[in-house]
Amino acid sequence: MNGNRGLLIGRMQPVHKGHISVILDTLKEVDELIIGIGSAEKSHTNSNPFTGGERILMLTKALREYNIDTSRYYIIPLEDIACNSLWVGHVKMLTPPFSKVYSGNSLVQQLFEEVNIPVTQPVLFNRTEYSGTEVRKRILNNENWKDLVPQSVVKVIKDIKGVERIQKLNKKEISELV
Ligand code: NAD
């Protein structure tokens with residue numbers, strides 16, 4: 001029985017307040033929500049600085065900070081695969097059964113719709129600021145990023161020395177500069 005269980009997938013590099021808003025909104029529509037951490041195997045690059053495990057930690061702490069009932073959600077890491085045409089089956093293998101998907105990503109929408117799983121496009125909240133790209137850019141440039149993510153995520157990023165990591169990953173080798 002798939003019941004009223006939904007799936008939301010995000011890379012969450014890092015978890016920000018837009019993700020929390022969409023999770024809170026979606027939980028008004030479903031009994032249970034599966035939250036897939038996309039590209040779980042990726043880390044230590046400019047666009048994917050955090051490991052799957054670090055993102056699970058951020059999300060777990062943030063959902064606790066917002067007092068979301070732990071019996072309402074499952075957090076599942078989802079590695080990417082080379083074949084888009086097989087991806088839905090890969091996701092289904094790793095997740096509890098679900099009957100609908102929530103995603104603003106057009107490839108994700110397309111792949112689920114092709115197998116007749118309904119997809120809802122969530123409303124975006126303050127997308128110019130609440131975006132992973134914006135948070136990473138501000139961290140890199142020592143601008144104010146802490147207001148864009150939950151307090152608990154600020155703490156995780158501090159504990160794992162995430163600011164130093166993002167700034168170091170962006171440094172070019174001297175050989176690349178000449
Ligand atoms: P994301 O973290 O950018 O966004 C996740 C979701 O959060 C979005 O769909 C959007 O609905 C919501 N969101 C983001 N900002 C918001 C805001 N300000 N307000 C409200 N909602 C907001 O992640 P994504 O790019 O959608 O993640 C898709 C994942 O699926 C990626 O990891 C991708 O690699 C994976 N994928 C893999 C394959 C494959 O392996 N072949 C195929 C398709 C997708």
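All ligand and atom numbering here is 1-based and tracks the order in the structure.
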Amino acids contacting ligand 1, non-hydrogen cut-off under 4.0 Å: I9, G10, R11, M12, H16, G18, H19, V22, G38, S39, D80, I81, N84, W87, S103, G104, N105, L107, V108, L111, P122, V123, L124, F125, R127, Y130
Evaluate whether atom NZ of K100 has more than 12 neighbouring non-hydrogen atoms of other residues, nucleotides or ligands under 6.0 angstrom away. yes
Going by salt bridge (charged side-chain N to carboxylate O under 4.0 Å, His left out), name the pairs with one or both residues in residues 12-26, residues two or more places apart or in two chains. D25-K28
Under 3.5 Å, is there a donor on one side chain and an acceptor on the other for D80 and S39? yes
Show me the donor-acceptor pairs within less than 3.5 Å that the side chains of residues 113-125 make with the rest of the protein, sequence neighbours left out.
{"unit_1": "E114", "atom_1": "OE2", "unit_2": "Q110", "atom_2": "NE2", "d": "2.7"}
{"unit_1": "Q121", "atom_1": "OE1", "unit_2": "Q109", "atom_2": "NE2", "d": "2.9"}

Would you call E54 and R165 a salt bridge, using N to O less than 4.0 angstrom? yes
Taking side-chain hydrogen bond (donor to acceptor under 3.5 Å, both in side chains) as the test, write out the residues that go with K161, two or more places apart. none
